[in-house]
Amino acid sequence: MNVFRLAGDMTHLISVLVLLLKIHTIKSCAGVSLKTQELYALVFSTRYLDIFTDFTSLYNTVMKLIFLGSSFSIVWYMRHHKLVQRSYDKDHDTFRHQFLVLPCLILALLIHEQFTFKEVMWTFSIYLEAVAILPQLVLLQRTRNIDNLTGQYVFFLGAYRSLYILNWIYRYFTEPHYVHWISTTSMFCVVLFCFGFTIFKWYLISVLLLTLSAWMSGFVQTLLYADFFYYYINSWKNNVKLTLQA
Amino acid sequence: EDSELLKDEL
């Protein structure tokens, strides 16, 4: 466990807990994409299948339970809590997430390390996590405004992914048997940046790139936040309301 | 293998 990974887990924890607490206290989910929350609940469910069979550490198990609990609670609030439900913007949150789930499932069935149910489900969760934020980013682009609830949520998620990449780089240099993925990944990241930040292109490219490896999906996921970070920091610097360009 | 390395991560 290195400092980057611990910091990454903490920012990931903060992002989900801040979202859950805010929805619980102000009883509103304005600006939050239910599709993204459902995708995250699916990511955690398919990734933590081994929560009761393989014990890594108390920290690992507790964090898994918190992530599972918080993601399902957020989905429950947005689907069944009568007050919260009213503030859900279903007219704009129309990203057909089956277009994300199916390609990731097919990719996981084609490209994995071993053909076992747990391994394929784990690979599927890695691919899906990379694109799970897309409905939320599309919703932000459509509604054009970002109230601080969603802004902080996406910001902390982006911070979590960036710290995880630092964690991978750190492990690459400290653990000898780490894979030599930096070269391929960095090469494709350059290509990715050349394509620009429109969501649709991001979606196509990111699904395409997932085929390379689980590492790639981590990188792709972080790159998806790149343009959001750019706008978020600019708005924070100029102290203006954050609006995203089309 | 890659995925074993990543398994101890969340």
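Per chain, numbering begins at 1; letters A, B, ... match sequence-line order. A quick note: this is a predicted structure, and the numbers were derived from the prediction, not measured. As a basis for the values below, the full set of heavy atoms in this structure was taken, side chains included, without hydrogen atoms, waters or symmetry mates.
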Check each atom of A/Asp9 against the heavy atoms of chain B and say whether the ones under 4.5 Å are side chain, backbone, both or neither. side chain
Atom CZ of A/Phe55 with >12 non-hydrogen neighbours under 6.0 angstrom: yes
Does the side chain of B/Asp8 reach to within under 4.5 Å of the side chain of A/Arg5, using non-hydrogen atoms? yes
Taking the side chain as everything from C-beta on, heavy atoms only, tell me whether B/Glu9 gets closer than 4.5 Å to A/Arg171. yes
Any side-chain heavy-atom pair from B/Leu10 and A/Phe44 closer than 4.5 angstrom? no
Take B/Lys7 and A/Lys118 through the test side-chain contact (heavy atoms from CB on, under 4.5 Å) and record every step on the way to the result. CA-CA 11 Å; B/Lys7 279 287 183 353; A/Lys118 264 173 57 174; over 6 Å; no
